[in-house]
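Take a look at the structure below.
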Amino acid sequence: MLNKQTLKHEISFSGIGIHSGEQIRMTLKPSRSGKIFFRRLDLGGLVVDLDPRRIDALNCTCLVFESGRIQTMEHLMAVLYMFGLDSLEIELFGGEIPIMDGSAAPLARAVLEAGVVPVEPQRHVVRVIKPCTLEEGGASLSLSPAENLNISYAIDFDHPLIGRQEISFDLTREVFLKEIAPARTFGFLKDIPELRKRGLALGGTLDSAVVLDDCGTISGPLRFRDEFVRHKALDLIGDLALFGHPLLGRFQADKAGHRLHHRAVLFLIENPDFWTFEEAKFPRFLGD
Ligand SMILES: [Zn+2]
């Protein structure tokens, strides 16, 4: 059995919410509770539990509750998952996780520096034991048994800088930190007016996303030639993290997005015959 883990020291961040445009303060605080929960200081200290059934996953992954929402959780969730942090209080002044530079690298660096410590509650690893494919309008997400946590992603955009990009890897913390965490979110200049009309992308800038016009990027050089598909893999890891258990299995996404990622989490919750608790082997990314 493995123990759950929390942070050794608290860490604070401040930054803009890419969708709300709000200036947000966030502090990740050690907790012995055995769960991840939010405390909204701007709503009188309201406590909101992380609940995968209360997610709205259209343009970003968003936790919805009676009096509000917490937007853009996916990059933070990916970092917590990769460091095995599953007992944590997330104090927020604002309704969104700060976007930072559009990637998970600043959050990952801070967590790496702060360090993690075990707490008493036990962690339960889940192994996928049967294959299944979810489909939605030309996109698909398949899950199947595998020795470790294996992620494959393919995207296909009719854009000269993107085209078809594919990535596949066995997830380790090292791969995550070097190859996945630095990949930034991206958006198309032509979509921005429509998004803003819907109250989205209000905080998006050239410093917090890769922004593309019809020919190329207007936000400076890419960090990787295939930064786009790497970022989609980051989003998938962050969305799978909402299942709440370290996973052993292969997840293959083709032209998917937050909605389909989240459907996979709901599928796992509703179909426990597709997985089993694993006592003997732990995912490589947890360090064993
Ligand atoms: Zn993202």
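Positions are given from 1 along the sequence. Numbering of ligands and ligand atoms starts at 1, following listing order.
In terms of modelled atom types and a separation under 3.5 Å, the side chain of Trp275 and the main chain of Ile129 share no donor-acceptor contact.
The Zn ion (ligand 1) lies at 2.8 Å or more from every N, O or S atom belonging to Glu74. Distances from the Zn ion (ligand 1) show that Cys60 has no N/O/S atom below 2.8 Å.
The angle subtended at the Zn ion (ligand 1) by NE2 of His75 and NE2 of His231 is 100°, given to the nearest 10°.
A donor-acceptor pair shorter than 3.5 Å cannot be found between the side chains of His19 and Asn59.
Taking the side chain as every heavy atom from C-beta outward, Glu194 and Lys197 approach each other to under 4.5 Å.
Interatomic distance, Ile18 CD1 to Cys60 SG, rounded to the nearest 0.5 Å: 9.5 Å.
Asp235 contributes OD1 as its N, O or S atom closest to the Zn ion (ligand 1).
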